[in-house]
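Below is one structure, written out as structure tokens; the observations come after it.
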Amino acid sequence: MNTPRLPCPLAERCESCDDTTDLDVYEAETLVGVTCLTLCRICAEDECTPPLDLPSAVHRALIHREHLATTPNGDTT
């Protein structure tokens with residue numbers, strides 16, 4: 001789940017454990033597409049992602065595509 005810096009917004013807390021330290025944005029695959037999540041280092045290393053219901057996963061996948069579209073050619077590096 002280690003991802004180069006993404007053009008996605010960083011939340012104030014880990015979306016898995018609510019920690020407020022050592023945060024970064026990571027991509028996670030779902031059944032409906034790739035989403036971005038703010039996770040602390042420990043949750044990212046352990047691949048602990050928050051559960052998402054289907055409507056939330058769809059919404060987040062669409063929003064993530066918008067984040068990626070904000071860079072020329074979809075380049076996320």
Side-chain angles (χ1 to χ4, degrees):
M1 192 184 310
N2 193 4
T3 307
R5 183 69 184 126
L6 297 169
C8 308
L10 183 68
E12 294 180 9
R13 298 181 170 280
C14 175
E15 294 183 65
S16 186
C17 72
D18 283 336
D19 194 356
T20 59
T21 60
D22 209 6
L23 302 174
D24 206 349
V25 178
Y26 296 87
E27 287 183 320
E29 293 213 25
T30 70
L31 293 175
V32 296
V34 178
T35 66
C36 52
L37 298 167
T38 297
L39 299 173
C40 68
R41 181 186 51 80
I42 293 170
C43 286
E45 288 174 359
D46 292 344
E47 296 188 15
C48 292
T49 58
L52 296 174
D53 60 19
L54 185 59
S56 295
V58 169
H59 178 74
R60 290 185 69 130
L62 292 171
I63 295 292
H64 182 56
R65 288 184 56 84
E66 289 180 12
H67 296 157
L68 297 180
T70 61
T71 60
N73 302 320
D75 184 15
T76 60
T77 56

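For clarity, every value in this text was computed on a predicted model and none was experimentally measured. Only heavy atoms go into these numbers, but all of them, side chains included; no hydrogens, no water, no symmetry mates.
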Exercise. For Ile63, what are the other residues in its hydrophobic cluster, where any two members join if their side-chain heavy atoms are less than 4.5 angstrom apart?
Worked result: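 None, because no other hydrophobic side chain comes under 4.5 Å of this residue.
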Exercise. Taking ILVMFWY side chains as joined if any heavy atoms are under 4.5 angstrom apart, and letting links pass through other members, which residues group with Val34?
Worked result: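 Once heavy-atom contacts under 4.5 Å are chained together, Val34 still belongs with nothing else.
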Gap separating the [atom1] atom of [X] from the [atom2] atom of [Y], nearest 0.5 angstrom:
X     : Y     : atom1 : atom2 : answer
His67 : Cys36 : NE2   : SG    : 5.0 Å
Thr30 : His64 : OG1   : NE2   : 10.5 Å
Ser16 : Ile42 : OG    : CD1   : 11.0 Å

Exercise. Tell me, do Cys17 and Cys48 make a side-chain contact under 4.5 Å, heavy atoms counted?
Worked result: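 Contact flag for Cys17/Cys48 side chains = no.
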For this session: Decide yes or no for Asp24 and Thr38: does some side-chain heavy atom of the first lie under 4.5 Å from some side-chain heavy atom of the second?
Result: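 No, their side chains stay 4.5 Å or more apart.
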Problem set entry | Test item: Glu15 side-chain N/O and Leu37 main-chain N/O as donor-acceptor pair under 3.5 Å |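 It does not hold such a pair.
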For this session: Just jot down the side-chain contact (heavy atoms from CB on, under 4.5 Å) partners of Arg65, sequence neighbours excluded, or say none.
Result: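 Testing Arg65 for side-chain contact (heavy atoms from CB on, under 4.5 Å), a comparison that skips the adjacent residues, returns none.
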For this session: Could I get the full list of side-chain contact (heavy atoms from CB on, under 4.5 Å) partners for Leu62, not counting sequence neighbours?
Result: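 Counting only residues at least two positions away or on another chain, Leu62 forms a side-chain contact (heavy atoms from CB on, under 4.5 Å) with Val58.
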For this session: Can you sort out the partners of Glu45 under salt bridge (Lys or Arg N to Asp or Glu O under 4.0 Å), two or more places apart, ordered by chain and number?
Result: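 In terms of salt bridge (Lys or Arg N to Asp or Glu O under 4.0 Å), with neighbours along the sequence ignored, Glu45 is linked to Arg41.
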Exercise. Between Thr35 and Ala57, what is the shortest heavy-atom contact and its length?
Worked result: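 Taking Thr35 first and Ala57 second, the nearest heavy atoms are CG2-O, 3.9 Å.
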For this session: For Thr21, check side chain to side chain donor-acceptor pair (under 3.5 Å) against everything at least two apart and list the hits.
Result: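 By the side chain to side chain donor-acceptor pair (under 3.5 Å) rule, Thr21 matches Asp19.
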For this session: Could I get the full list of side chain to side chain donor-acceptor pair (under 3.5 Å) partners for Ser56, not counting sequence neighbours?
Result: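 So Ser56 forms a side chain to side chain donor-acceptor pair (under 3.5 Å) with Asp53.
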What pairs of donor and acceptor atoms, side-chain ones from residues 6-14 against any protein atom, are under 3.5 angstrom apart with sequence neighbours left out?
from	atom 1	to	atom 2	distance (Å)
Arg13	NH1	Asp18	O	2.9

